[in-house]
Amino acid sequence: MTDTRFDPSQADARWQRAWEEAGTFHADSNSAKPKSYVLEMFPYPSGRIHMGHVRNYTMGDVLARYKKMRGYEVLHPMGWDAFGMPAENAAMEKGVHPGGWTRENIANMKSQLKRIGFALDWSREFATCDPEYYGHEQALFLDLYKAGLVYRRQSEVNWDPVDMTVLANEQVIDGKGWRSGAEVEKRKLDQWFLKITDFAEDLLDGLGALDNWPEKVRLMQENWIGKSTGLEFSFDLSNGDRVPVYSTRPDTIFGASFVAVAADHPVAQGVAAGNPDAAAFIELCKRGGTTAAELETAEKLGFDTGITARHPFTGAPLPVFIANFVLMDYGTGAIMGVPGHDDRDFEFATKYGCPILRVIAASAEAAGDPMSEAETGDGICVNSDFLDGMSVEEAKAAVNARAEAEGWGKGTTVWRLRDWGVSRQRYWGTPIPFIHCGTCGVVPVPKDQLPVTLPEDVDFKTPGNPLLRHPTWKHTTCPNCGAAAERETDTLDTFVDSSWYFLRFASQPADKPFDRDEVAKWLPVEQYIGGIEHAILHLLYARFWTRALQHIGQLDFAEPFASLFTQGMVTHETYSRVVGGRTVYFLPEEVERTGNGATLQDDRQPVEIGRVIKMSKSKKNTVDPDNIIDTYGADAARWFMLSDSPPERDLPWSEAGIEGCWRFVQRLWRLFGQVGAGGAGADAGEDKALDRKTHQTVAAVAQDIEALGFNKAVARIYELTAAIEKAAPSASRSNAIVTLVHLVAPMMPHLAEEAWSTVGGGGEGLIADAAWPEVDPALLVDDQVTIAVQHMGKLRDTLTAPKGASKEDLEAMALASEKVQRSIDGAAIRKVIVVPDRLVNIVT
RNA sequence: GCGGGUGUGGCGGAAUGGUAGACGCCGGGGACUUAAAAUCCCCUGAGGUUUCCCUCGUGUGGGUUCGAGUCCCACCACCCGCACCA
């Protein structure tokens with residue numbers, strides 16, 4: 001090896017070519033080896049790869065390469081989540097076609113990914129906007145329809161009356177359309193739904209078996225599914241109607257002081273018909289946000305209908321309100337208000353003067369205590385007739401039993417989970433394969449006519465759904481009767497696309513979505529890696545879709561992802577100045593970081609250093625992976641992604657940090673050049689301490705990689721590197737260096753290949769195909785251990801003892817310590833605690 | 001608002017209830033060099049002491065324990081999700 005520096009600008013591409021030519025990362029479905037499916041969430045082709053992608057894919061890549069070295073047949077695919085709104089936005093803003101824009105982005109991002117040297121099987125690549133892919137998706141959708149899991153019903157959307165278009169929640173800002181600024185209305189449309197609620201119980205139960213999912217993701221899903229048990233009963237109204245309500249707290253029924261119904265509840269509609277004020281109030285509720293967050297934080301508003309409801313036990317008349325915080329979608333769309341024991345009811349009652357009654361208290365004596373806030377905790381029933389003295393749980397059961405016995409109510413399970421609305425009134429998505437016929441109704445497109453492809457000739461000059469206004473596309477004939485009919489112009493939610501892509505990666509027949517047997521070979525995914533932002537929707541939908549396919553007999557398993565890992569974001573500090581009262585941000589590459597400040601390169605004047613936050617275009621705190629790779633090569637960038645921060649936490653990018661990684665790449669390169677100095681690699685044993693360190697590191701790094709503790713693996717590699725550098729030349733040292741090449745191979749594959757091809761005359765083949773080093777268990781244990789000696793729990797001395805020394809010996813050694821004796825200072829020893837191989841604590 | 005998470009030196013972080021700060025970054029000092037880059041060595045939680053050590057210290061306040069960053073209770077701060085962004 002003559003070069004003193006590793007040059008990634010020529011080595012990276014050379015090894016990437018070598019892997020490609022050898023088909024190194026091609027996954028063979030017929031392999032006899034044990035399989036491992038490593039998957040990172042596929043990206044939306046926004047145009048450029050960002051550091052978050054690099055981090056996500058580097059983690060998966062290290063695992064995939066490591067698994068391969070451990071003898072697994074690894075499937076590590078990549079593709080594109082290519083449908084979605086940004087492409088339509090680009091079409092509107094730049095006058096480009098969504099398809100062309102997307103294809104161009106994919107090409108750019110693919111070449112970016114290739115430069116990082118990921119061990120991907122590119123032969124399985126696809127984009128969800130490929131007619132082949134979405135055609136199969138349409139077929140699956142029809143299968144689910146046939147199984148009764150797809151239906152249509154009316155549902156509300158955000159309607160922008162100026163742009164004449166449906167808006168996503170994120171396009172509604174303070175109740176106004178993001179483009180038009182017009183007040184957003186709620187409008188009812190016929191929409192397609194998937195019956196995810198049929199699987200609510202199963203999706204909930206399934207969480208229990210997902211041991212290798214983060215606890216917090218399981219909890220989030222559990223809360224999302226939101227199983228609750230309560231009582232459903234009806235109030236008799238003074239106008240002769242009956243209104244069913246649902247409550248999870250029937251034990252507090254004697255504390256009910258009002259009844260509230262949702263704005264779109266039939267009772268509300270009935271009142272509005274004869275009362276313009278009520279109608280106006282309902283209109284008010286329809287404006288403003290629809291999201292749960294907005295409803296919860298918005299001021300509680302109500303309209304007193306003048307109607308009263310008869311309390312089922314006391315017969316007392318309770319006022320009936322229309323309220324903005326009651327949701328038609330949840331329960332029965334009506335509630336009994338118990339201000340004493342529900343936060344929202346308390347706020348509402350305070351505002352509208354309803355009585356706040358205490359019906360739960362810590363003890364019977366506290367029954368008369370005043371209430372300054374809602375008390376939602378446990379206690380016993382008071383002021384509650386026959387419930388007095390019962391616990392909350394007893395009272396719930398007692399009220400339910402009484403209601404059922406008397407026939408005016410019944411115990412019910414209610415789910416927060418709602419059916420999945422998949423209709424989108426947009427162009428750039430999978431067309432929903434149905435036809436509307438004047439005589440036959442809604443008719444599925446026959447499978448032999450799939451895919452229903454998107455028309456190419458569309459314009460985005462006017463707002464609204466281009467499919468709806470396309471001159472010819474929607475006109476067709478009914479497959480049933482042959483009469484003129486119209487195509488469905490809604491497209492599918494892009495979450496449908498990402499609910500089965502992992503199946504298509506595993507198996508790609510031309511004539512069907514996937515082959516059941518081939519899928520069974522690869523699935524479930526051993527390790528799925530992605531952002532926490534997908535903790536609920538994507539992961540829940542994918543779990544549902546898999547169950548739905550199992551239900552209709554197309555799959556043999558229910559859970560697609562055996563292990564899940566959610567990685568943190570890549571963050572960066574921000575650089576800004578206030579110019580004319582406005583904050584102007586600067587890119588890191590425009591800024592020079594000095595000691596504890598920063599200056600703009602253009603004018604040498606200081607800029608303000610802001611908080612370290614998620615990289616975002618608006619704050620300009622982004623770093624382009626291409627620039628980093630141009631400067632430092634792929635391996636330094638990969639190493640940075642793995643160093644320091646635990647993978648589940650945020651990773652702050654810094655120029656100094658990547659410089660450090662670059663120095664380490666070169667440091668390794670110099671060390672790798674020293675194989676053979678002091679003897680050939682075959683005979684270790686000359687340097688027992690180094691042998692031990694080497695084997696301990698191999699075992700620890702393996703363990704860390706398998707637990708995705710990359711930052712710990714990195715720290716151990718630094719330690720071994722330092723130990724080798726300090727060691728005198730020997731066969732042990734040469735062995736250690738060759739081992740080190742293996743250890744870094746999954747993380748810095750280009751450097752490792754370059755070293756492998758040259759060390760000690762050159763290794764056999766590619767190191768990507770090499771086996772992970774064997775560990776000698778005898779070398780994992782040290783024969784000497786350091787014992788901490790404490791007096792009253794405080795460290796006073798340390799001593800070295802043979803491993804496995806007896807408690808008596810350790811105690812004697814500890815008491816012999818001068819420092820310890822000085823600390824004890826003649827006090828009587830009451831107790832000595834000895835933890836073998838760890839510590840001695842003397843208690844006086 | 002509801003749900004979830006996080007908090008340890010100047011910074012990122014490490015630590016089966018058992019030596020807090022491994023490892024990296026920044027910073028300081030030195031070696032090499034005509035000089036620089038690169039590289040190598042040493043120091044680097046705070047305070048006291050002055051080369052022997054001592055005291056304090058893991059968001060805050062309590063508690064359990066021989067011993068708490070770790071377990072329990074209460075609080076504070078920040079971050080994420082909330083169903084049409086992906």
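By convention in this document, chain letters (A, B, ...) are assigned in the order of the sequence lines, proteins followed by strands, and residues within each chain are numbered from 1. Since we're looking at a predicted model, the values are computed, not measured.
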Categorize Val789(A) for me: base, sugar-phosphate, or nothing, with a 4.0 angstrom heavy-atom threshold over every strand shown. nothing
Is the shortest side-chain N/O distance from Arg649(A) to OP1 or OP2 of C79(B) below 4.0 Å? no
Roughly how many Å apart are G12(B) and U6(B), using the C1' atom of each and rounding to a whole number? 15 Å
What integer number of Å spans the C1' atoms of U58(B) and G69(B)? 5 Å
Counting any heavy atom closer than 4.0 Å, what does Phe664(A) reach on the DNA or RNA strands: base, sugar-phosphate only, or nothing? nothing
Can you see if the side chain of Asn711(A) gets near the phosphate of A14(B) - specifically, an N or O under 4.0 Å from OP1 or OP2? yes
Check every strand shown and say whether Ser654(A) touches a base, only sugar-phosphate, or nothing at a heavy-atom separation below 4.0 Å. nothing
CD (Gln703(A)) with more than 12 external heavy atoms under 6.0 Å: no
Counting distance alone, no hydrogens or angles: does the base of C84(B) have a donor or acceptor under 3.5 Å from a partner atom on the side chain of Gln191(A)? yes
Side-chain donor/acceptor contact of Arg426(A) with base of C84(B) under 3.5 Å: yes
Determine: side-chain N/O of Arg796(A) to OP1/OP2 of C53(B), distance under 4.0 Å, yes or no. no
Does Arg418(A) make a side-chain N or O approach to OP1 or OP2 of C84(B) shorter than 4.0 Å? no
Gap between atoms CD1 and P, on Ile536(A) and C85(B) respectively (whole Å): 14 Å
Ignoring hydrogens and geometry beyond distance, is the side chain of Asp644(A) in donor-acceptor contact with the base of G12(B) at under 3.5 Å? yes
Is there a side-chain polar atom (N or O) of Lys712(A) under 4.0 Å from OP1 or OP2 of A15(B)? yes
What is the separation between atom CG on Asp650(A) and atom P on G7(B), rounded to the nearest whole Å? 12 Å
Does Glu818(A) have more than 12 heavy atoms from other residues, nucleotides or ligands lying within 6.0 Å of its CD? no
How is Gln790(A) classified with respect to the nucleic acid when contacts are heavy atoms under 4.0 Å: base, sugar-phosphate, or nothing? base
Hey, does the side chain of Lys831(A) come within less than 4.0 Å of U65(B)'s phosphate (OP1/OP2), counting only N and O? no
Any side-chain N or O of Lys819(A) under 4.0 Å from OP1/OP2 of C53(B)? yes
Which is true for Asp81(A) with a 4.0 Å heavy-atom rule: it touches a base, it touches only sugar-phosphate, or it touches nothing? sugar-phosphate
Using ring centroids (six-membered ring only for Trp), state whether Phe502(A) and Tyr528(A) fall under 6.0 Å. no
If the C1' atom of A46(B) is compared with that of C72(B), how far apart are they to the nearest Å? 30 Å
Could you walk me through whether Ser817(A) and Asp797(A) pass the side chain to side chain donor-acceptor pair (under 3.5 Å) test, one step at a time? CA-CA 7 Å; Ser817(A) 159; Asp797(A) 202 0; 2.7 Å; yes
Do the side-chain N or O atoms of Arg218(A) get closer than 4.0 angstrom to the phosphate oxygens (OP1, OP2) of G4(B)? no
Check this one for me: any side-chain N or O of Thr494(A) less than 4.0 Å away from OP1 or OP2 of A86(B)? yes
